[in-house]
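Worksheet: the structure to be examined is printed underneath.
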Amino acid sequence: MFFHYKNCIILYDTGDFVDDYYVDPILRNDRSFLFCIECSEEILHCLRLIPVLIRNFQVNRVVGKNAKSTIEYMVMLSEEMNTKLKIKNDELIYNF
């Protein structure tokens, strides 16, 4: 989850990206996002969240129905922090 605060991005729970040695059935730590920040000089333009599935120590992009629940979960968590995300082409987008 993340939110925008005082012209900064705060990303939560982004460490230990490839940790598929145990998949928690509730947290689903095998589903995650690749975060791409688009900026120029000191200006933030966009944050793209690309859904991924981690399996066999590999990170693979997921799309369509395989990405849907991951995307919906991140939208819900971000809304709790008053952060609105847009869904575009199986990615989440936050424009600054």
Side-chain angles (χ1 to χ4, degrees):
M1 131 178 60
F2 83 97
F3 73 102
H4 183 199
Y5 178 74
K6 293 187 179 180
N7 204 32
C8 294
I9 302 171
I10 300 173
L11 302 169
Y12 289 97
D13 199 21
T14 59
D16 202 9
F17 190 58
V18 179
D19 68 345
D20 66 342
Y21 43 85
Y22 172 74
V23 176
D24 186 294
I26 296 171
L27 295 176
R28 291 304 310 255
N29 52 312
D30 60 332
R31 298 179 183 181
S32 191
F33 288 90
L34 180 65
F35 296 89
C36 297
I37 299 171
E38 296 177 8
C39 61
S40 61
E41 297 295 322
E42 295 179 7
I43 299 171
L44 298 172
H45 297 288
C46 172
L47 173 64
R48 293 176 39 230
L49 289 79
I50 302 166
V52 297
L53 179 65
I54 302 164
R55 186 174 293 149
N56 297 323
F57 300 104
Q58 294 180 352
V59 178
N60 295 287
R61 183 178 186 156
V62 291
V63 295
K65 66 178 184 173
N66 295 322
K68 185 178 179 186
S69 63
T70 306
I71 287 172
E72 290 172 349
Y73 187 61
M74 179 60 84
V75 168
M76 181 197 70
L77 290 174
S78 297
E79 284 178 351
E80 290 176 4
M81 303 295 286
N82 295 318
T83 301
K84 304 291 184 208
L85 299 170
K86 295 178 186 174
I87 300 172
K88 181 179 179 184
N89 300 328
D90 291 318
E91 293 182 1
L92 290 170
I93 307 292
Y94 181 80
N95 291 305
F96 295 93

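Each residue takes its place number in the sequence, starting with 1. Keep in mind that the numbers below use all heavy atoms, side chains included, and drop hydrogens, waters and symmetry copies.
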Point to revise | Close side-chain approach of I87 to L92, heavy-atom, < 4.5 Å | key: yes
Check your understanding: Would V62 and V75 show up in the same hydrophobic cluster when neighbours are defined by side-chain heavy atoms closer than 4.5 Å?
Key -> no
Check your understanding: Can you get from I37 to L49 by hopping between Ile, Leu, Val, Met, Phe, Trp and Tyr side chains that sit under 4.5 Å apart?
Key -> yes
Exercise for review: Can you see which heavy atom on H45 is nearest to which on S40, and at what distance?
Suggested key: NE2-OG, 2.6 Å
Check your understanding: Do the non-hydrogen side-chain atoms of R61 and I50 ever get within less than 4.5 Å of each other?
Key -> yes
Exercise for review: Using modelled atom types only, decide if a donor and an acceptor are shared between the side chain of D30 and the backbone of L53 within a distance under 3.5 Å.
Suggested key: no
Practice item. Answer whether the closest heavy-atom distance between the side chains of L34 and V59 falls below 4.5 Å. Key: no
Review point. Side chains of S69 and R28: donor-acceptor distance under 3.5 Å anywhere?
Key: no
Practice item. For I43 and F96, run side chain to side chain contact (heavy atoms under 4.5 Å, CB included): C-alpha distance rounded to whole Å, both residues' side-chain angles, the deciding distance at 0.1 Å, then the answer. Key: CA-CA 9 Å; I43 299 171; F96 295 93; over 6 Å; no
Exercise for review: Describe, in one word, how the ring planes of F35 and F33 are oriented to each other, choosing from parallel (under 30°), tilted (30 to 60°) and perpendicular (over 60°).
Suggested key: tilted
**Study point:** Rounded distance [0.5 Å steps], CD1 in I93 versus CD in E38
**Key:** 7.0 Å
Exercise for review: For E91 and I71, work out which heavy atoms get closest and say how close.
Suggested key: N-CD1, 4.4 Å
Point to revise | Smallest separation among heavy atoms of N66 and T70, with atom names | key: O-OG1, 4.4 Å
**Study point:** Interatomic spacing from OH in Y94 to SG in C46 - rounded to 0.5 Å
**Key:** 10.5 Å
Point to revise | Sidechain-backbone polar pair: D24 side chain, N29 backbone, donor-acceptor under 3.5 Å | key: no
Practice item. Report yes or no: do V63 and I54 belong to one cluster of Ile/Leu/Val/Met/Phe/Trp/Tyr joined by side chain heavy-atom distances under 4.5 Å? Key: no
Point to revise | Step-by-step side chain to side chain contact (heavy atoms under 4.5 Å, CB included) determination, N95 to K86 | key: CA-CA 9 Å; N95 291 305; K86 295 178 186 174; 4.0 Å; yes
Exercise for review: Please round to the nearest 0.5 Å and tell me the distance separating atom CG of D90 and atom NZ of K68.
Suggested key: 11.5 Å
